[in-house]
Amino acid sequence: MTFKHWIALGLACLAFSNSAYADTNSSVAEGAEKTKGFLWEIKSGTKTGYLFGSIHLAKPDFYPMSPAVETAYKNAKILAVETDVTDMAALKKVMPLTMYVAPDKLEKHLSAQTWAQLSTSFGPAAEQMQQLKPGIVATGLMIGMMTSTGYTPDAGIDLHFLKRAKADGKSVYQLETLAFQMKVLTDFSDAEGDEMLSYTIASMKDGDAMKDSEAMVAAWKSGDLPALEKIMQSSADKDASTAKLMKRLLDDRNIGMSDKVIKLINGNKPVLIVVGAGHMVGKNSILDLLQQRGLQIRRLQ
């Protein structure tokens with residue numbers, strides 16, 4: 001796997017946490033059950049927009065989306081996503097943020113115990129990760145785990161609608177830049193990066209990572225918002241460091257994204273906003289912040 005692909009995988013994992021594209025729009029057999037997901041109608045005065053909580057890894061048979069989601073997309077003139085991961089020029093610019101410059105390397109920023117974990121678990125492949133920072137390695141490993149069971153960024157909900165919008169001539173708006181997201185993934189102290197990577201490896205080894213990921217996907221696909229919120233809260237409650245990480249990956253980013261959501265809703269063109277479903281649950285979620293600002297929210301599915 002090239003550095004570019006590993007970095008793109010890290011970005012794909014950030015919110016629910018490659019730029020390749022599969023034509024998922026017509027890949028499901030006729031009569032298959034429609035995927036629900038989470039869709040809300042957002043009103044600000046006389047203006048209306050739609051907010052869809054997505055997942056960044058999926059399977060081709062998750063498509064097509066439900067009629068309500070398809071209608072929201074078709075009526076939109078603007079599609080807003082967290083960031084445009086198909087922008088190869090922007091991706092190239094942020095790549096230096098993800099890597100150590102030789103002779104510096106990953107092993108020098110990890111404890112002996114964590115490096116031993118990585119080496120024991122992944123053998124020679126660990127040496128291929130030496131240029132990458134811990135956050136990129138951890139997210140890449142997680143997505144590698146998911147793809148081994150059939151999930152793929154190629155079929156991710158954001159990417160699906162992003163590619164469709166570009167093909168259909170719709171305007172695309174980014175709530176965050178690639179540079180900003182990359183800093184979120186890489187701007188850790190050595191102690192924080194070590195802890196994140198160690199926890200990731202351990203949770204993959206004992207099966208908790210796969211169990212939790214599949215439970216989140218199942219909750220999303222069935223539209224079970226309370227189940228998703230319970231899983232997310234359970235993750236945040238594991239320990240203080242995990243809670244801090246969840247706050248950084250979700251709550252802190254929700255503030256800036258909600259400001260831009262309000263701006264888009266109040267614009268002059270119909271908009272569909274597609275953001276990781278993890279940003280939609282609990283206190284300080286995007287939905288919570290929008291309600292605090294006086295917007296009216298109605299769940300459609």
Side-chain angles (χ1 to χ4, degrees), residues 1 5-6 8-40 50-74 79-86 139-168 172 175 181 204 209-225 227-229 231-232 235 249-250 272-281 300-301:
M1 180 177 291
H5 288 151
W6 199 294
L9 289 179
L11 286 169
C13 192
L14 185 59
F16 195 89
S17 352
N18 59 52
S19 56
Y21 174 63
D23 184 9
T24 52
N25 192 39
S26 59
S27 60
V28 70
E30 185 177 355
E33 182 181 354
K34 299 292 188 297
T35 297
K36 288 186 177 179
F38 307 112
L39 179 68
W40 290 269
Y50 297 90
L51 182 61
F52 188 47
S54 72
I55 53 175
H56 303 311
L57 290 92
K59 296 181 179 181
D61 64 4
F62 284 22
Y63 297 89
M65 294 284 100
S66 70
V69 175
E70 286 296 316
T71 297
Y73 170 77
K74 290 174 182 177
L79 175 77
V81 292
E82 291 180 33
T83 193
D84 183 355
V85 295
T86 68
T139 50
L141 291 176
M142 285 291 293
I143 294 188
M145 176 194 71
M146 293 293 286
T147 57
S148 71
T149 60
Y151 295 94
T152 170
D154 298 5
I157 310 305
D158 312 66
L159 189 55
H160 168 78
F161 284 112
L162 180 60
K163 298 296 287 191
R164 280 180 68 183
K166 290 188 174 184
D168 293 340
V172 173
L175 299 179
Q181 289 204 346
M204 289 175 65
M210 192 71 228
K211 180 181 176 181
D212 289 347
S213 297
E214 288 186 327
M216 284 191 287
V217 172
W220 176 84
K221 192 174 182 184
S222 64
D224 190 342
L225 194 62
L228 177 62
E229 184 167 4
I231 296 165
M232 299 291 290
S235 296
L249 295 178
L250 296 173
L272 171 63
I273 302 157
V274 180
V275 178
H279 294 279
M280 305 299 163
V281 296
L300 300 180
Q301 68 173 38

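Index from 1, following the sequence.
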Under the salt bridge (charged side-chain N to carboxylate O under 4.0 Å, His left out) test, which residues partner D212, sequence neighbours left out?
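Applying salt bridge (charged side-chain N to carboxylate O under 4.0 Å, His left out) to D212 gives K238.
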Could you pull out all residues at least two apart from K166 that satisfy salt bridge (charged side-chain N to carboxylate O under 4.0 Å, His left out)?
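For K166, the residues satisfying salt bridge (charged side-chain N to carboxylate O under 4.0 Å, His left out) (neighbours in sequence not counted) are D84.
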For the backbone of G53 and the side chain of W40, can you confirm whether one donor and one acceptor N or O come within less than 3.5 Å of each other?
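Not a single qualifying donor-acceptor pair exists.
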Flag, side chain of Y50 to backbone of T71, donor-acceptor distance under 3.5 Å
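Side chain of Y50 to backbone of T71, a donor-acceptor pair under 3.5 Å: no, none is there.
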Of the non-hydrogen atoms in [X] and [Y], which two are nearest, and what is the gap between them?
X	Y	result
A155	A58	O-CB, 3.4 Å
A209	M142	CB-SD, 3.9 Å
V281	L225	CG1-CD1, 3.5 Å
W220	A277	CD1-CB, 4.0 Å
S213	M145	OG-CE, 4.0 Å

With heavy-atom distances below 4.5 Å as the criterion, would you say the side chains of [X] and [Y] are in contact?
X	Y	result
F38	M280	no
L272	F52	yes
H56	I143	no
P153	T147	yes
I273	L175	yes

With sequence neighbours left out, write down each residue that passes side chain to side chain contact (heavy atoms under 4.5 Å, CB included) with [X], or none if nothing qualifies.
X	answer
T149	Y151, M210
A165	Y73, L79, K170, V172
A215	I231

Could you tell me the separation between the CG atom of L162 and the OG1 atom of T83, rounded to the nearest 0.5 Å?
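It comes to 9.0 Å.
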Rounded distance (nearest 0.5 Å) linking atom CE of M216 with atom CD1 of I55:
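So the CE of M216 and the CD1 of I55 are separated by 9.5 Å.
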Non-neighbouring partners of Q301 that pass side-chain hydrogen bond (donor to acceptor under 3.5 Å, both in side chains), sequence neighbours left out
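Once residues adjacent in sequence are excluded, the partners of Q301 under the side-chain hydrogen bond (donor to acceptor under 3.5 Å, both in side chains) criterion are S66.
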